[in-house]
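All values below come from the heavy atoms of this structure, side chains included, with hydrogens, waters and symmetry mates left out. Model, not experiment: these values are computed from the prediction.
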Amino acid sequence: MKFDTPATTNPIDQMQVVGHPLNRIDGPLKTTGRAPYAYERHDAVPNQAYGYVIGAAIAKGRITAMDLSAARAAPGVLAIVTAENAGPLGKGNYNVAKLLGGPEVEHYHQAIAIVVAATFEQARAAAYLVKVDYAESQGAFDLAGAKAAGLGPSQATPDARVGDFAHAFAAAPVQLDATYTTPDQSHSMMEPHASLAAWDGDRVVVWTSNQMIDWSTGDLARTLNMPKEKVRLISPFIGGGFGGKLWLRTDAVLAALGARAARRPVKVALTRPLIPNNTTRRAATIQRIRIGATQDGKISAIGHESWSGNLLGGHPENAVEQTRLLYAGANRLTGTRLAQLDLTEGNSMRAPGEAPGLMALEIAMDEMAEKLGMDPVEFRAINDTQVDPSNPDRPFSRRQLVECLRLGAERFGWVGRSARPGTRREGQWLVGMGMASGFRNNVVMRSGARVRLDGQGVVTVETDMTDIGTGSYTIIAQTAAEMMGVAMDKVVVRLGDSAFPASAGSGGQWGGNSSTAGVYAACVKLRETVAQKIGLNSADAVFEDGQVRTGNRQVSLAEAAGESGLVAEDTIEFGDLAKRFQESTFAGHFVEVGVDAATGEVRVRRMLAVCAAGRILNPKTARSQVIGAMTMGVGGALVEELALDKRRGFFVNHDLAGYEVPVHADIPHQEVIFLDEVDEMSSPMKAKGVGELGLCGVAAAVANAIYNATGVRVRDYPITLDKYLDRLPEVA
Amino acid sequence: MKPFTYERAGSPAEAAAAAARVQGARFIAGGTNLLDLMKLQIETPTHLIDVNGLALDSIEATQEGGLRIGALVRNTDLAADARVRRDYALLSRALLAGASGQLRNKATTAGNLMQRTRCPYFYDTNQPCNKRQPGSGCAAIGGFSRPLAVVGSSEACIATNPGDMAVAMRALGAVVETVKPDGTTRSIPIAEFHRLPGDTPHVETALERGELITAVTLPPPVGGTHIYRKVRDRASYAFALVSVAAIVQRDGTGRVALGGVAPKPWRVEAAEAELPRGARAATAAILDGARPTHENAFKIPLVERTLGAVLAQARG
């Protein structure tokens, strides 16, 4: 099905099932431990051996010698695979550095070997016996140093200019020119990257934990130099990904190579201390923002430049993305500058671009509002735009930013905020409120599904879509139930298998809308097939209560399907609506914090997000996504930072004791409101993404609340007490 | 994890004798720290002596009017003990500020005294570390040192002791009771129990080879207001940036021990005379000689501010 004209009325609009706050259909499996994750697939294949990955001990250089003899002789060892003995390997389209390094070492903890043994403990013990000699070379690790040495826009990503930014900024009566920094971050999902691989002749099956089955099936085939048809990935349950599992990673490659060498199925989980330096990271940024405005608060010039670093061949963190679109202003400059750094690959982490970009931009907006003497909500509202500021002929499909901000202000009690910072004290606490706009683009991706109807009237959906804890199972079941007119208990959803039709996968908050649109398309086709089978005109047929009818004729779906059943498959493909209209999602984030007047410790007291993101397919799973994202925003604001050792070129705090994320005690009551919205431009579902929107802007709202509480402005994330302790009032 | 042998000890003296007999032996109780370190091959014992069955898990009143805490009393039970809560609230509060409920259920009194640093370079066996591998150097000096020591450190090591319980015990003047492999016993004042790194940072305590902790004795209660204030980046389940354990009397005198700033629980008795003059004077005296890094210099004003808040709280 081609989606190239705005959606009209369709069966989803009935909202009999879609749009209801249903519990997750996979919930009981997860809460009772019956949803097996990749490393727990004891049932999948017998005789599983264990692989242990060895990471490089240097950041840059060459392996000069590897002595495997002691490890090979260790108890239980079945095989050791290195780049030297693995045979020729290709490289996937989506990874920059090799997933099995050597002799060149491209970054710290790049995998250089896998030791396979009969037990995990044997594999690990033997791994410590592998002796590696290196010739270290000087790497580049310092973003600020690279920036100072001078970095311009690259040819691949030129600056975007509208009007004459430099002139307009210079002429603006009110100006802000400030620089902000965001740190490297690690996804820190609960389930580490894990894979179990088993060969059958020249075919390999990999049970894994991966967000994008089709990409990764292709990349594993490329890496192993084999046809994609002979690679099967199975990933029905995923314990979080946040973008860290968008790609093929070393666990899958080394499980496959280890299994081939050991002639046994092999499973591999990356150990937690390996993950931050071995897998992808969200790249640190240095962002310079300049805003010029008239005295009455109209933005006349807005400039945003962002510096980040990556391995050669990697991309910049596009932290300026939202600044092209979020606020009006006739003169604009946005651009990224990329330094070559020998750190593990920088790539997507939940809301790449907007998440770090808004961390900076929305502090800048707060600072600008203060310079103008305006309320921060008002300042944003008067700079709203309903069209793409670089192309006024291109409207937003649906934009309710101002509605989010105004409703949020009302519900949060924003009127009670003191405009003068550092004036509200409650016992030991300095108390303040902050807000920020939330913005995340809506991306649509082609997505396929197969739908079966059997003789019991059960509808089974098969698609390689993944559920990374988001609720995909449930919203896909709701979509099929709505389309086919059956109850939820008559729908079976099977996900995450490369044997199923290729889907949008889970990433960039495109999964929910795109994958259900694919299921919609397949169901439209199945409805036609059913109608045709029983001789009805599909356009007139009503699917309801397990029956299909026109006029006074009524046939049960079970009967229509018959013994042999019916099957339909289709793929939703998106035309140019996303080019003609700017499709984005919007939020207003409001936060109240207390800052301990003596120690500077920040404790978040209240949070509210008001979101406008198209039709909400399931308010319960959507709310879970948003409160999880808000929690991640608190982490980004206050604690999350990969601590870089610039001398040695690695992230030092590479476990969950050192890399802190919020714990329950850090998170207060979180309220989420979804505006009533449908977006006919986005898909037949009229939905948009929401899972990343919930993160975008949160950290800045926390930062602005800290400023409001203390009068101290910190432009360097995370906002830890050591950065402002000396600026707090004296202890009484 | 390297292969190791294992035995259950029959008595404290037997355990100590066994530990002296086998090169590379370690005692194991709760295992909340040792097992993690073994998985990372930071600790590579050849032989584990399980002391969990040694019946050292009771808390008894002493003749002097104090408490004798068995080496195997779990952190959860110690924190909840009515006598501890009444007379040594500092200890109870420090325990509850540490780790998580699950870990406190396993962790023992003696094991907690023995827990090792959380310096991230100590935890990465690719990096030089004089504590892990004597003579290899210290990667933390000049590196990521924000969580590390500002006082008591050396050219060889700037690691911090990560404990909370031990900080309270230091303020309370606890005494560590042990048994040696030859069956003799001794009492080690907690001030002398943890060692400063000097040029031997791998030597962390006063214990001799094979020597086993059997109990920790608290002297009779000293009264006063007991406050344990742990400052950290998140609200729970994090190591201290700094912690202040204070016992403050009505006349403004008192005791203070600090966590998070030194290779051992940090108390300078002579400096406590400054307490009635306030946090600034007291901090200057307690942290006299501090040599912070650029990244952790904030700990000094943080101690002063935290102590100031603690003293204000004690005044009511």
Which of residues 133-148 of chain B have a heavy atom under 4.5 Å from any heavy atom of chain A? B/A139, B/I141, B/G142, B/G143, B/F144, B/R146
Run the salt bridge (charged side-chain N to carboxylate O under 4.0 Å, His left out) test against A/R648 and tell me which residues pass, sequence neighbours left out. none
Looking at A/A657, is its backbone amide N or carbonyl O close enough to the side chain of B/Y237 to form a donor-acceptor pair, meaning the two atoms are under 3.5 Å apart? no
Start with the C-alpha gap between A/Y128 and B/T44, add the side-chain angles, then the distance that decides, and say whether side-chain contact (heavy atoms from CB on, under 4.5 Å) holds. CA-CA 11 Å; A/Y128 278 96; B/T44 53; over 6 Å; no
Chain B contact via [X] - side chain, backbone, both or neither, heavy atoms under 4.5 Å:
| X | result |
| --- | --- |
| A/H664 | neither |
| A/I58 | neither |
| A/A74 | neither |
| A/I667 | neither |
| A/Q122 | neither |
| A/V639 | side chain |

Using a cut-off of under 4.5 Å for heavy-atom pairs, which of B/N296, B/L311, B/V231 has the most such pairs with chain A? B/V231
Contact winner vs chain A - B/R305, B/R118, B/R232, heavy-atom pairs under 4.5 Å: B/R305
Looking at A/V634, A/V661, A/L129, which one has more heavy-atom pairs under 4.5 Å with chain B than the rest? A/V661
Testing the basics here: between [X] and [Y], what is the closest heavy-atom pair and its distance to 0.1 Å?
| X | Y | result |
| --- | --- | --- |
| A/L656 | B/R234 | O-NH2, 4.1 Å |
| B/N126 | A/A56 | ND2-O, 4.1 Å |
| B/F298 | A/L725 | O-CD2, 3.9 Å |

Who passes side-chain contact (heavy atoms from CB on, under 4.5 Å) against B/P265, sequence neighbours left out? B/N161, B/A166, B/V167, B/R170, B/H194
Is the number of heavy atoms from other residues, nucleotides or ligands under 6.0 Å of [X] [atom1] greater than 12?
| X | atom1 | answer |
| --- | --- | --- |
| A/K723 | NZ | yes |
| A/R425 | CZ | yes |
| A/R647 | CZ | yes |
| B/E155 | CD | no |

Rounded to the nearest 0.5 Å, how far does CG of B/L40 lie from CZ of A/R124? 7.5 Å
Measuring heavy-atom distances to chain A, does B/L241 have an atom under 4.5 Å in its side chain, in its backbone, in both, or in neither? side chain
Give me the contact list for residues 593-606 of chain A versus chain B, heavy atoms only, anything under 4.5 Å, ordered by residue number. A/D596, A/A597, A/A598, A/T599, A/E601, A/R603
